[in-house]
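For reference, the structure discussed in these notes is given below.
We use all heavy atoms of the structure for the numbers below, so side chains are in, but hydrogens, waters and symmetry mates are not.
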2 protein chains.
Amino acid sequence: MILNPETDLELVRHLRAAPSKVWRCWTEPALLEQWFAPKPVVTRDAKIDLRPGGIFSTTMDIPEMGTQTGDGCILEVVPERRLVWTDLLGPGYRPVGDAFGFTACILLEPEGSGTLYRAIAMHRTPDQRKSHEDMGFHDGWGTAAAQLDDVAAAL
Amino acid sequence: MILNPETDLELVRHLRAAPSKVWRCWTEPALLEQWFAPKPVVTRDAKIDLRPGGIFSTTMDIPEMGTQTGDGCILEVVPERRLVWTDLLGPGYRPVGDAFGFTACILLEPEGSGTLYRAIAMHRTPDQRKSHEDMGFHDGWGTAAAQLDDVAAAL
């Protein structure tokens, strides 16, 4: 996977759990809800239909900001290795009207007894990448990755 | 495939050639270039990497309007039956900065010795559907389908 530094953001972490457990945390709604958004944001009503064209949807309750639902579309599934989804399309590849506009690529590789975890967000334009960075991509996705580490390690 | 009349446009035609030949016309660049845009628009430099995540790109020379290149992304490939691609993403599912914004779903079914041909364009919003309709969706895609009919029948 070749990154474009102009439009892409990447988070890389070592997680303690093996890829099989990290994969479960990304693909089972009840587990995803436990770590997907940095607390105190609450993630609920996760819907995951794990096939290309299937839904990837979450609803987040964000204190003092309200509720935000995103219906994305899964694009690629390589069990325990690679999950690609986008918010530009919804289930059945139907274009979404008010998308923020990114594709997420989650890459898992065994690293020791744990996982080398890479979470990549690809954007439409350099400005949009910067706006995602300014919104707190590294802190937000970093905090979520720490929560993911805990949930996966407890499985 | 369930249409949403608010955001989708559909063209349905009977084509004389069998699905295998219509499929070739959609997936082989040298054939696609012969019918893809209504003449006198010229389609050239077609690039098709026939797998999910692969490129679907064309360049069109439009008289008195100039040149237009679109790098889309193939989403679903069911040989001789279904081809789905979008201009919202480019190769590798990378979001596109200046997309018109639609997903095309091409459905082929045997009908007699020919093909029942359905070409569906799904849009982000009802306004965008209307704008595509006003740009001449039915005439443009209809003329292209007649050209496709001729190219496929001659194979």
Do the ring planes of A:Phe56 and A:Trp85 sit parallel (below 30°), tilted (30 to 60°) or perpendicular (above 60°)? parallel

Quick check on the interface: out of A:Asp8, A:Leu88, A:Leu75, who has the most heavy-atom pairs with chain B under 4.5 Å? A:Leu75

Using non-hydrogen atoms only, which part of B:Ile2 is less than 4.5 Å away from chain A: side chain, backbone, both, or neither? backbone

Between B:Asp98 and chain A, which part of the residue has a heavy atom less than 4.5 Å away: side chain, backbone, both or neither? neither

Which bit of A:Tyr93 comes within less than 4.5 Å of chain B, counting heavy atoms only: side chain, backbone, both or neither? both

So, the side chain of B:Gln147 versus the backbone of B:Phe36: is there a donor-acceptor pair under 3.5 Å, distance only? no

If you tally heavy-atom pairs under 4.5 Å against chain B, which of A:Gly92, A:Cys73, A:Pro95, A:Gly90 wins? A:Pro95

Among A:His123, A:Gln128, A:His138, the one residue meeting side chain to side chain contact (heavy atoms under 4.5 Å, CB included) with A:Glu133: A:His138

Does either side chain, that of B:Asp71 or that of B:Ser57, offer a donor lying less than 3.5 Å from an acceptor on the other one? yes

Proximal component of B:Thr103, with respect to chain A [non-hydrogen, under 4.5 Å]: both

Do you know which of B:Thr125, B:Val84, B:Asn4 has the most heavy-atom pairs under 4.5 Å to chain A? B:Asn4

Can you tell me which portion of B:Val96 sits under 4.5 Å from chain A's heavy atoms? Options are side chain, backbone, both or neither. backbone

Any donor and acceptor pair, going by atom type alone, linking the side chain of B:His132 with main-chain N or O of B:Phe137 inside 3.5 Å? no

Side chain of A:Glu33, backbone of A:Ala46: donor and acceptor closer than 3.5 Å? yes

